[in-house]
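Okay, structure first, notes after.
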Amino acid sequence: MFVDRARLLPHSRILAPRLIGAVLVSDVGGHEVAVRLTEVEAYEGTDDPASHAFRGPTPRTAVMFGPPGHLYCYFTYGMHWCANVVCGPDGAASAVLLRAGTIVRGVEHAFARRPAARHERDLARGPARLATCLALGRDTDGADLCDPSAPVRLESLPSRRRPGVASGPRVGISVAIERPWRYWSAGDPTVSSYKAGGRTRRRADPAD
DNA sequence: AGGACGATTAACT
DNA sequence: GTTAATCGTCCTC
């Protein structure tokens with residue numbers, strides 16, 4: 001069972017709410033781990049200042065500008081990987097960041113990859129945590145999620161937006177914070193509390 | 001060539 | 001509530 005590529009059109013803002021409840025499965029490393037998504041964010045292309053694609057294609061963001069159905073993985077804060085589902089037509093950057101989910105198969109492997117997690121609900125609560133559970137990273141950047149024999153696949157995608165999907169501002173960004181392009185399963189314990197973005201390190205103060 | 005900063009997390013007080 | 005960890009990417013000389 002797999003998801004047809006055409007279902008990932010036309011762009012991230014349509015796809016993102018429908019990804020709530022979708023199941024992504026990873027066989028990376030020979031262990032099967034599957035996650036049911038509870039929180040995602042839409043990122044558009046050159047018209048979305050919060051998107052990695054805002055300034056046009058670069059080697060890092062090439063996958064975002066490619067055909068739908070591929071995984072866009074990026075490295076951040078010097079230590080974490082996060083993963084997106086590319087969903088726009090070829091040539092138009094559009095992707096959905098996978099922010100949180102519930103592990104539905106392979107919980108024991110997820111705990112092995114996330115030794116800091118003490119409770120099951122913390123395994124994939126947060127984008128870098130989710131990526132760690134499924135072993136998503138450099139090796140899976142560009143993976144074809146619509147290929148039934150690929151190491152990472154979209155196993156199911158609800159045909160319609162489910163009831164109980166809420167939306168609001170995206171987490172951790174410092175521009176375009178007014179766009180309510182985060183979608184989550186209302187009341188789910190794996191969903192992030194909102195946190196505005198901004199500098200995590202003080203800019204040099206001229207008075208020092 | 002140099003530097004600022006980040007779609008974050010874990011470990012603190 | 002705060003802060004350190006840590007390095008690839010991209011912008012600005």
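In what follows, chains carry the letters A, B, and so on, assigned in the order in which the sequence lines appear, proteins first and then strands, with residues in each chain numbered from 1. As the structure is a computational prediction, the values presented were derived from the model and not from experiment.
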Solution key, residues 95-103 of chain A side-chain donor-acceptor pairs under 3.5 Å, sequence neighbours excluded:
unit_1  : atom_1 : unit_2   : atom_2 : d
A/Arg99 : NE     : A/Glu39  : OE2    : 3.2
A/Arg99 : NH2    : A/Ser192 : OG     : 3.3

Can you give me every donor-acceptor pair (side chain of residues 160-167 of chain A, partner residue at least two apart or in another chain, under 3.5 Å) with its distance?
unit_1   : atom_1 : unit_2   : atom_2 : d
A/Arg161 : NH2    : A/Val165 : O      : 3.2

Considering only distance and modelled atom types, tabulate donor-acceptor pairs under 3.5 Å from the side chains of residues 55-66 of chain A, sequence neighbours left out.
unit_1  : atom_1 : unit_2  : atom_2 : d
A/Thr58 : OG1    : A/Arg60 : N      : 3.4
A/Thr58 : OG1    : A/Thr61 : N      : 3.3
A/Thr58 : OG1    : A/Thr61 : OG1    : 3.2
A/Thr61 : OG1    : A/Thr58 : N      : 3.0

Set out, line by line, the N/O atom pairs under 3.5 Å between protein and nucleotides 10-13 of chain B.
unit_1 : atom_1 : unit_2   : atom_2 : d
B/dA10 : OP1    : A/Arg114 : NH1    : 2.6
B/dA10 : OP2    : A/Arg129 : NE     : 2.7
B/dA10 : OP2    : A/Arg129 : NH2    : 2.4

N/O to N/O distances under 3.5 Å, protein versus nucleotides 9-12 of chain C:
unit_1 : atom_1 : unit_2  : atom_2 : d
C/dC10 : OP1    : A/Thr58 : OG1    : 2.5

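Taking A/Pro67 as the reference, A/His70, A/Asp90 meet the side chain to side chain contact (heavy atoms under 4.5 Å, CB included) condition, with sequence neighbours excluded. Annotation: side chain to side chain contact (heavy atoms under 4.5 Å, CB included) contacts of A/Ala135 (sequence neighbours excluded): A/Val28, A/Arg113.
Within the structure, salt bridge (charged side-chain N to carboxylate O under 4.0 Å, His left out) pairs that include any residue of residues 115-127 of chain A comprise A/Asp122-A/Arg125 (at least two apart or interchain). Residue pairs that meet the salt bridge (charged side-chain N to carboxylate O under 4.0 Å, His left out) test with at least one member in residues 2-17 of chain A, sequence neighbours left out, are A/Arg5-A/Asp144. Under the salt bridge (charged side-chain N to carboxylate O under 4.0 Å, His left out) criterion, the residue pairs touching residues 18-31 of chain A are A/Asp27-A/Arg153, with sequence neighbours excluded. Listed by first and then second residue, the salt bridge (charged side-chain N to carboxylate O under 4.0 Å, His left out) pairs involving residues 128-142 of chain A amount to none (not counting sequence neighbours).
Look at OH on A/Tyr77: it is 5 Å from P on B/dT8, rounded to the nearest Å. In this entry the distance linking NE2 of A/His80 with C1' of C/dA4 reads 11 Å, nearest Å. Atom C1' of nucleotide B/dC5 and atom CD1 of A/Ile173 are separated by 15 Å, given to the nearest angstrom. With rounding to whole Å, A/Glu44 atom CD is found 16 Å from B/dA7 atom P. Taking atom OH of A/Tyr194 as the reference point, atom P of B/dT8 lies 11 Å away to the nearest angstrom. With rounding to whole Å, A/Glu39 atom CD is found 13 Å from B/dT8 atom C1'. Taking atom CG of A/Leu130 as the reference point, atom C1' of B/dT9 lies 14 Å away to the nearest angstrom. Remark: C1' of B/dT8 and CZ of A/Arg125 are 13 Å apart, rounded to the nearest angstrom.
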Requested in this report: Could you walk me through whether A/Glu155 and A/Arg105 pass the side-chain contact (heavy atoms from CB on, under 4.5 Å) test, one step at a time?
Outcome: CA-CA 12 Å; A/Glu155 182 175 272; A/Arg105 295 200 302 278; 2.8 Å; yes
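Judged by centroid separation below 5.5 Å and plane tilt below 30°, A/Tyr74 does not stack onto the base of B/dA7.
With B/dT8, C/dT6, B/dG6 as the candidates, the nucleotide lying closest to the side chain of A/Ser174 is B/dG6.
Aromatic ring orientation, A/His52 versus A/Tyr74: perpendicular (interplanar angle above 60°, classes split at 30° and 60°).
Note on A/Leu97: a base of the nucleic acid sits closer than 4.0 angstrom, heavy atoms only. A/Ala128 comes within contact range of the sugar-phosphate backbone alone, with a heavy-atom separation under 4.0 Å but no base atom that close.
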Report task. With pairs defined as Watson-Crick or G-U wobble and both distances under 3.5 angstrom, please note down DNA chain C as a dot-bracket string, | for pairing with another strand. Result -> |||||.||||||.
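Side-chain atoms of A/Ser185 do not come within 3.5 Å of backbone N or O of A/Thr38 as any donor-acceptor pair.
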